Amino acid sequence: MSLGLWFRAPAIGNVFPAASLQGFTAWRNLWIYSQRTHHRRPIGSIGGRNLPLAFLGSGFIHTSGTSLQRGLLECHGEKMAIACGVSRIKWSRPVSLFTAASAIFGVGRGGGGTGNQKLTLQDVAELIQKKECRRVVVMAGAGISTPSGIPDFRSPGSGLYSNLQQYDIPYPEAIFELAYFFHNPKPFFTLAKELYPGNYRPNYSHYFLRLLHDKGLLLRLYTQNIDGLERVAGIPPDKLVEAHGTFATATCTVCQRSYPGEDFRGDVMADKIPHCPVCTGLIKPDIVFFGEELPHRFLLHVTDFPMADVLFIIGTSLEVHPFASLADAVRSSIPRVLINRDLVGPFAWQPQYSDVALLGDVVRGVEKFVELMGWKEEMQELIQRETEKLDAKDK
């Protein structure tokens, strides 16, 4: 058994040695990957294919299946070489050093909550009603958008990755790889035509998040979704962190000019490849591809998660990092509520006394919490009001 290290240092300012207490606190997203002896592959190669590597602290990586990442830690323009032979083996899991630190030094999340009474969904509702929890952070994934008709990525048979043969690509992930995009952008824009904002409408889960905002409870919504339905539901951009990008803006891949995404919607709907009106370069919606940096707004998690009074995790597999690592970034005493089809991430392999899991249909789970809060009528009024606005806009 060998250990590989994957470093991600999002903190701005001094970076402390990882072996110190300050280092444990500042580098809460340092991941230790347990790996068995594996066949070493060429740098940047996964399964025989050359893939763009996310440089540390910027891109996102999968933690399902087998992968190998090697690279440099980049911090304030300085490079520190690190042996990063990271292999994700089936049945193995990443362990957050933030959690390891808590076990050693008593900081952050950690321990099984021995001696503490297990929280219930009713308890969480009462904490919010009593205003003991006033700052809600939400992590949302594809599961909140599937009720709107948008397929998720990984569900066998129905997910996007299972139905990409029609796009004539060598393998599913190629549709979100820069190298392939520059070689052949048409498959991505064919998919973009289906996912572009305006084709789908928000559902009950989106309007629940909107209601949290209207009540002054939503500190921030972190979403993996690129469909823009959170914006359509009326959640303002300053409350959003679209971790994997958005169609709301687009950038020329040559001159780097930024444009409103709506400027090129007509081209996408007409099956045309959008080009920059200034330099004729290829226009790419600001969706995060494999190997690209996450939006700078993602760094808001450094302050948002320590401030949170309650964390909702809704409709996500918690399989893509660094997004998934945020589930461990809140204080150990605050409730974490999972509303999801399955038990995932730390809820499955490191549950806490303050964790609440509501499994099954996501919308039904959200409805149950809304009922406990006594917000049922307000939700119905909000949905009716917003639906009428969208109907009027579509006429």
Side-chain angles (χ1 to χ4, degrees), residues 60 62-65 121 124 136-164 172 176 191 194-195 197 199-213 218 220-233 235 239-247 287-288 310-328 330 335-349 351 355-372 379 383:
F60 56 88
H62 294 281
T63 60
S64 58
L121 196 64
V124 176
V136 178
V137 171
V138 179
M139 295 170 62
I144 73 166
S145 290
T146 51
S148 294
I150 300 176
D152 64 10
F153 284 88
R154 294 174 185 81
S155 292
S158 63
L160 284 174
Y161 281 162
S162 297
N163 294 281
L164 289 177
F176 292 115
L191 176 63
E194 179 180 346
L195 296 179
N199 294 339
Y200 299 92
R201 288 191 174 188
N203 61 65
Y204 195 94
S205 297
H206 295 101
Y207 288 120
F208 164 64
L209 304 178
R210 162 69 183 277
L211 190 59
L212 286 177
H213 165 66
L218 184 65
R220 205 86 63 194
L221 165 59
Y222 287 72
T223 179
Q224 293 175 284
N225 299 330
I226 60 176
D227 51 52
L229 289 181
E230 297 89 356
R231 292 177 182 243
V232 178
I235 299 171
K239 290 293 182 180
L240 274 173
V241 173
E242 292 158 315
H244 295 168
T246 175
F247 283 107
I287 305 301
V288 179
V310 61
L311 173 65
F312 280 88
I313 302 173
I314 309 176
T316 173
S317 62
L318 292 181
E319 287 187 357
V320 178
H321 288 270
F323 184 90
S325 69
L326 298 182
D328 265 335
V330 292
R336 296 188 302 188
V337 180
L338 176 71
I339 302 178
N340 204 46
R341 184 178 57 191
D342 305 304
L343 206 61
V344 295
F347 291 86
W349 49 263
D355 289 346
V356 178
L358 196 58
L359 304 182
D361 181 76
V362 169
V363 169
R364 185 68 202 106
V366 172
E367 287 176 341
K368 182 174 181 180
F369 184 74
V370 167
E371 290 170 6
L372 287 175
M379 275 290 293
I383 293 173

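Hydrogens, waters and symmetry mates are skipped; everything else that's a heavy atom, side chains included, is used. Just so we're clear, the structure is a prediction, and the values are computed from it rather than from any experiment.
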What residues, two or more places apart in sequence or in another chain, satisfy side-chain contact (heavy atoms from CB on, under 4.5 Å) together with [X]?
X: Leu343; answer: Leu338, Phe347, Ala348, Ala357, Leu359
X: Lys239; answer: His213, Leu218, Ile235, Pro236
X: Asp361; answer: Val363, Arg364
X: Tyr200; answer: Ile150, Glu194, Leu229

Would you check if [X] and [Y] make a side-chain contact, meaning some heavy-atom pair closer than 4.5 Å?
X: Ser317; Y: Arg341; answer: no
X: Arg336; Y: Asp328; answer: yes
X: Ser205; Y: Val362; answer: yes
X: Tyr222; Y: Leu240; answer: no
X: Leu209; Y: Ile144; answer: yes
X: Val241; Y: Leu221; answer: no
X: Val337; Y: Ile339; answer: yes
X: Val320; Y: His244; answer: yes

As an exercise, state the distance from [atom1] of [X] to [atom2] of [Y], rounded to the nearest 0.5 Å.
X: Glu371; Y: Leu121; atom1: CD; atom2: CG; value: 10.5 Å
X: His321; Y: Leu326; atom1: NE2; atom2: CG; value: 9.5 Å
X: Arg210; Y: Met379; atom1: CZ; atom2: CE; value: 10.5 Å
X: Glu242; Y: Ile226; atom1: CD; atom2: CD1; value: 10.5 Å
X: Phe312; Y: Phe369; atom1: CZ; atom2: CZ; value: 3.5 Å

Mind checking what makes side-chain hydrogen bond (donor to acceptor under 3.5 Å, both in side chains) contact with Thr316, not counting sequence neighbours?
Gln224
Could you work out, with side-chain hydrogen bond (donor to acceptor under 3.5 Å, both in side chains) as the rule, every residue matching Asn340, not counting sequence neighbours?
none
CA sep, side-chain torsions, deciding dist, call: Tyr204, Val370, side chain to side chain contact (heavy atoms under 4.5 Å, CB included)
CA-CA 10 Å; Tyr204 195 94; Val370 167; 3.4 Å; yes
List in chain and number order the residues that pass salt bridge (Lys or Arg N to Asp or Glu O under 4.0 Å) with Glu230, two or more places apart in sequence or in another chain; answer none if no residue qualifies.
none
Kindly give the heavy-atom pair with the smallest separation between Pro346 and Ala327, and that separation in Å.
CG-CB, 4.1 Å
Closest non-hydrogen atom pair between Phe323 and Ala140, with its separation
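Taking Phe323 first and Ala140 second, the nearest heavy atoms are CZ-O, 3.8 Å.
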Checking Met139 against Leu318 for the side chain to side chain contact (heavy atoms under 4.5 Å, CB included) test, could you report, in this order, the C-alpha distance in whole Å, the side-chain angles of both residues, the deciding distance, and whether it holds?
CA-CA 10 Å; Met139 295 170 62; Leu318 292 181; 3.9 Å; yes
Mind checking what makes ring pair (Phe, Tyr, Trp, His ring centres under 6.0 Å) contact with Tyr207, not counting sequence neighbours?
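Scan of Tyr207 (ring pair (Phe, Tyr, Trp, His ring centres under 6.0 Å), adjacent residues dropped) gives none.
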So, the side chain of Thr146 versus the backbone of Gly143: is there a donor-acceptor pair under 3.5 Å, distance only?
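It does hold such a pair.
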May I have the step-by-step check of side chain to side chain contact (heavy atoms under 4.5 Å, CB included) for Asn203 and His206, ending in yes or no?
CA-CA 6 Å; Asn203 61 65; His206 295 101; 3.5 Å; yes
